[in-house]
Amino acid sequence: MAFTLPKETYTGKVYPVTIGSGDKTVTFGGENVLPFHSFEGTTPYRPLVAYEIMDVPPTEWPDKVKEPYAAVSDNPVKWAKYCETELKAKAIALRLYGTHPDNGDKSAADAVIVVKDVLAAINVPLIIIGSNHAEKDTDVLVKVSEAAKGHTCIIGKAQEANYKTIAASAMANGHMLIAMSELDINLSKQLNIMITQLGFTKEKIIIDPMCSALGYGLEYTYTVMERIRLAALTQNDTTMQQPMLGDVGMYVWKIKEVTASEETLPEWGALTERGIAWEAQTAASLMLSGAELLIMRHPEAVKAVESFIDELM
Amino acid sequence: MALTGVEIFKLLPKTNCKKCGFPTCLAFAMQLASRKVSLDACPDVSDAAKATLGEASAPPIRPITLGAGAKAVKLGEETVLFRHEKKFVNPCAFAIGIKDTDDAALQDKKIAECLTSEIERVGQKLKVDAIAIINESGDKGKFETLAKKVAEKAGDVPAIVCSSNTDAASAALAVFKDKKALLYGATMANVVEMAALAKANGAALGVTASNLDELADLTEKAKAAGIEDIVMDSGAKKAKDILEHNTMIRRAAIKKGNKSVGFPIINFMMRDDNMLETLMIGLGIAKYSSIVVLSSAEKWKNLVTFTLRQNIYTDPQVPMQVQQKIYEIGTPAPNSPLIVTTNFSLTYFIVAGEVENSKVSTWLAVMDCEGLSVLTAWAAGKFTAGKIAAFIKESGIEDKISNKELIIPGYVAILSGALEEKLDGWKITVGPREANAIPTYLKSRSA
Ligand code: SF4
């Protein structure tokens with residue numbers, strides 16, 4: 001008996017986004033089917049995994065994810081180069097953590113220097129992320145956006161409180177923009193619309209529906225992403241057809257499951273594998289629900305996710 | 001395919017006799033259509049109608065119980081493709097695979113991993129559910145020996161007997177007679193004999209095909225041989241193919257009412273690379289496997305996969321709630337800070353995570369607000385000064401702390417005056433609005 005394949009026809013498509021300059025550009029998104037459903041449409045590009053680095057040493061990261069970078073993380077340029085040459089990073093995400101008023105309050109001018117130095121040192125595309133302090137980010141992201149002109153970076157994150165200035169400078173300097181809202185499909189859609197109403201090209205937005213770590217609300221992010229993808233593909237909702245970001249590492253590497261020692265919680269097993277698997281599993285699940293861009297920290301977790309993508313493509 | 005209320009109504013006696021407990025046949029039909037009542041409630045329905053309705057009202061994916069007794073697990077019975085539509089029903093079962101070619105020590109280790117796998121997380125007990133014994137050697141004697149070992153050491157754990165060799169399967173399956181085991185390995189070549197074996201031993205039958213066409217053929221053949229409880233392997237091995245086949249099967253069963261694939265799915269996820277295997281298990285959880293077979297069950301791996309399974313199988317309509325109580329983060333002392341928040345699980349997890357991040361031991365008072373976040377609960381009148389004060393007094397925290405100071409979320413700063421009145425002798429402090437500011441806040445307080 002023949003099995004009739006119940007294939008879906010999708011009316012919408014996710015915009016492809018190309019970042020970087022010269023011969024090292026990378027494209028992600030572009031599919032016209034649900035994640036990895038290449039059997040009923042096209043998925044021209046792999047999800048992109050970017051390595052996270054910071055402008056200040058990662059003193060608050062747990063030891064297990066600090067260790068791989070112990071020799072380089074005192075300097076963002078060394079750190080970025082290490083990711084590119086040793087870890088074969090396909091993109092680098094620089095978080096300007098030190099600009100947060102509570103974490104050193106570095107100035108926008110300091111951030112500009114770091115961004116310029118990192119850009120000069122690497123060939124792969126750069127994602128530049130603020131400290132998630134709405135007001136400070138306005139100042140910092142505008143200046144680094146200018147400094148990175150010509151490199152086609154991703155700048156973020158624009159939120160409801162500060163999107164206007166950040167979007168304007170990303171637009172003026174030819175960058176893509178991350179639009180972050182808080183775990184709600186309608187808020188996400190609304191922010192996209194407000195940003196495009198400023199004249200920002202809708203094909204240059206990346207949606208960050210707000211991430212959660214496995215066990216700490218992952219089901220919310222998973223389902224919001226899945227619903228955004230369905231809206232984009234089955235309802236051809238052009239305000240939701242941007243690729244999505246899973247900012248995985250920063251949510252994963254602070255929870256109890258990746259920090260609790262084996263002595264205190266022997267029933268949780270080996271700490272090294274536990275942390276790596278926690279990050280990899282969070283990223284992999286978000287990819288299955290719609291994320292095309294992932295920001296991650298542990299090299300072994302990235303390796304696992306890349307092998308998983310290999311099997312899925 | 002499910003029938004509508006009106007279609008069902010046409011098959012009922014239409015006497016409006018009320019014996020079913022509903023005022024009219026139509027009212028009863030509507031309840032049947034939404035699966036809220038059982039057809040048995042109408043004593044007068046004809047046999048012909050029963051047959052039609054029985055077929056139509058059966059769940060699109062057949063529910064199957066694997067194993068017997070306290071450790072039995074339910075499979076299948078799913079009704080949707082995406083979790084926002086409705087809760088996924090029966091969590092994907094994890095089966096640790098043990099080969100008859102594994103050396104004895106490894107076999108023992110895997111049995112032990114299964115038996116000691118249970119952990120508790122957010123009020124649920126999670127574990128590796130089953131043991132799959134695999135006839136890798138093709139040898140009957142070796143396989144039977146393994147079956148006996150598993151039965152002796154883990155007799156109450158549901159068993160999956162994997163072999164396409166009918167002699168070996170027969171010998172091993174007999175060890176689990178009438179324990180609702182799963183006999184996996186029916187192919188086009190042996191399905192009749194395997195079906196007979198499954199029936200004789202009270203087992204479900206697992207069919208293994210090389211593609212979806214063959215799979216539909218196989219289940220029809222198994223049904224013709226009198227088997228109702230079927231578990232399916234489409235032959236997909238690579239992640240790409242597993243995703244494709246599982247998606248096609250789930251859609252066909254649920255959206256097209258294709259009964260030939262309306263059964264739970266089994267996927268073998270073993271990989272040499274254990275991290276990759278972990279992610280493959282995640283694929284099975286997210287994308288429609290009812291059973292995943294694993295090569296090992298280390299504690300770290302269990303914690304990750306159990307947690308994902310729990311996340312994906314929670315009810316999306318009901319906000320996840322945590323229990324109302326005073327949680328101890330770190331090892332709080334009488335002079336440690338006391339923070340109050342609501343019991344929306346996401347709020348709890350984020351706040352608890354940030355408090356942990358601060359490394360400042362803290363009392364976290366989590367108040368039952370029916371799973372609403374701070375602002376929503378406040379707006380809904382569930383997180384008010386009066387209610388917070390009552391909760392704090394009843395919680396008994398006063399006996400554990402030395403300085404009566406309560407830190408409230410910055411979003412409800414407006415409550416501080418009223419709270420100070422209601423909580424006599426307490427100091428009310430307004431904390432940060434956003435959880436991510438908690439570490440800095442707590443650190444600066446304790447500095
Ligand atoms: S018992 Fe049967 S015949 Fe009587 S009202 Fe109910 S559905 Fe109709």
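Throughout, a chain's letter reflects where its sequence line sits, starting with A, and its residues are numbered from 1.
Atom-to-atom distance recorded for A:Lys303:NZ and B:Met275:CE is 9.5 Å, nearest 0.5 angstrom. Considering CZ of A:Phe36 and CD1 of B:Ile242, their distance stands at 14.0 Å, rounded to 0.5 Å. Taking CD from B:Glu434 and CG from A:Asn132, the interatomic distance works out to 8.5 Å, rounded to the nearest 0.5 Å. A:His37 contributes atom NE2, which lies 5.0 Å from atom CG of B:Leu243 (distance to the nearest 0.5 angstrom). Rounding to the nearest 0.5 Å places CD of A:Glu182 at 10.0 Å from OG of B:Ser373. To the nearest 0.5 angstrom, A:Phe308 atom CZ is 12.0 Å from B:Asp273 atom CG.
Of the atoms belonging to B:Thr278, heavy atoms from both backbone and side chain fall under 4.5 Å from chain A. Neither the backbone nor the side chain of A:Glu262 comes within less than 4.5 Å of any heavy atom in chain B. Contacts of A:Pro62 with chain B are absent, with no heavy-atom separation under 4.5 Å from either backbone or side chain. With a 4.5 angstrom heavy-atom cutoff, B:Asn302 does not touch chain A via any of its atoms. Looking at A:Glu8, both its backbone and its side chain come within 4.5 Å of chain B, counting heavy atoms on both sides. For chain B, the nearby part of A:Glu226 is the side chain; its heavy atoms alone come within less than 4.5 Å. For chain A, the nearby part of B:Lys287 is the side chain; its heavy atoms alone come within less than 4.5 Å. Within the 4.5 angstrom heavy-atom criterion, atoms from both the backbone and the side chain of B:Leu303 approach chain A. At a 4.5 Å heavy-atom cutoff, A:Leu271 makes no contact with chain B through either its backbone or its side chain. Looking at A:Tyr222, the atoms closer than 4.5 Å to chain B (heavy atoms on both sides) all sit in the side chain, from C-beta outward.
Interface with chain B: from residues 285-294 of chain A, residues A:Ser285, A:Leu288 qualify, criterion being any non-hydrogen pair under 4.5 Å.
Residues A:Ala277 and B:Trp300 approach most closely at CB-CZ3, 3.6 Å, considering heavy atoms. Nearest heavy-atom pair across B:Lys256 and A:Pro6 is CE-CB, 3.9 Å. The shortest non-hydrogen separation linking B:Thr305 to A:Gln281 is CG2-OE1, 4.4 Å. Minimum heavy-atom separation, A:Leu218 to B:Asn311: CB-OD1, 3.4 Å. Closest approach of A:Glu219 and B:Thr314 over heavy atoms only: CG-OG1, 3.9 Å. When all heavy atoms of A:Ala284 and B:Leu279 are compared, the closest pair comes out as CB-CD2, 3.9 Å.
Two residues are said to be in side-chain contact when any heavy atoms from C-beta on lie closer than 4.5 Å; B:Met248 and A:Lys7 meet this criterion. With contacts defined as side-chain heavy-atom distances shorter than 4.5 Å, the pair A:Phe3/B:Leu215 does not qualify. Contact of the A:Arg274 side chain with the B:Lys299 side chain is not registered, since no non-hydrogen atoms from C-beta on lie closer than 4.5 Å. Residues A:Leu183 and B:Leu346 are in side-chain contact: their nearest non-hydrogen atoms beyond the backbone lie under 4.5 Å apart. The shortest distance between side-chain heavy atoms of B:Phe82 and A:Leu34 falls below 4.5 Å. Side-chain contact between B:Lys240 and A:Met313 is absent, with no heavy-atom pair separated by less than 4.5 Å.
Around the NZ atom of A:Lys189, the shell of radius 6.0 Å holds more than 12 heavy atoms that belong to other residues, nucleotides or ligands. Residue-environment remark: CD (B:Glu120) exceeds the threshold of 12 foreign heavy atoms within 6.0 Å. Counting heavy-atom neighbours within 6.0 Å of A:Glu160 CD, excluding the residue itself, gives a total of 12 or less. Within 6.0 Å of NZ in B:Lys86 there are 12 or fewer heavy atoms belonging to other residues, nucleotides or ligands.
In terms of heavy-atom pairs under 4.5 Å with chain A, the best-connected choice from B:Ile312, B:Asn211, B:Thr116 is B:Ile312. Contacts with chain A were tallied for B:Ala352, B:Ala286, B:Ala437; B:Ala286 has the most, counting heavy-atom pairs under 4.5 Å. Counting heavy-atom pairs closer than 4.5 Å to chain A, the top residue among B:Arg121, B:Glu298, B:Glu244 is B:Glu244. When B:Asp241, B:Ile119, B:Leu283 are compared by the number of non-hydrogen pairs under 4.5 Å with chain A, B:Leu283 comes out ahead. Between chain A and the residues B:Lys443, B:Arg271, B:Gln310, the most heavy-atom pairs under 4.5 angstrom are made by B:Arg271.
For residues 348-357 of chain B, the pairs satisfying salt bridge (Lys or Arg N to Asp or Glu O under 4.0 Å) are A:Lys254-B:Glu354, with sequence neighbours left out.
Between A:Glu311 and B:Lys237 there is no salt bridge, since no side-chain nitrogen of the basic residue lies less than 4.0 Å from a carboxylate oxygen of the acidic one.
Not counting sequence neighbours, B:Tyr313 has no partner by the side-chain hydrogen bond (donor to acceptor under 3.5 Å, both in side chains) test.
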Query raised in the report: Can you check salt bridge (charged side-chain N to carboxylate O under 4.0 Å, His left out) on B:Glu85 and A:Arg227, steps first, answer last?
Result: CA-CA 10 Å; B:Glu85 299 171 276; A:Arg227 293 185 59 199; over 6 Å; no
Please list every donor-acceptor pair under 3.5 Å in which a side-chain atom of residues 97-106 of chain A meets a protein atom from a residue at least two apart or in another chain.
| residue | atom | partner | partner atom | Å |
| --- | --- | --- | --- | --- |
| A:Tyr97 | OH | A:Glu60 | OE1 | 2.7 |
| A:Thr99 | OG1 | A:Leu96 | O | 2.7 |
| A:His100 | ND1 | A:Asp102 | N | 2.9 |
| A:Asp105 | OD1 | A:Lys136 | NZ | 2.7 |

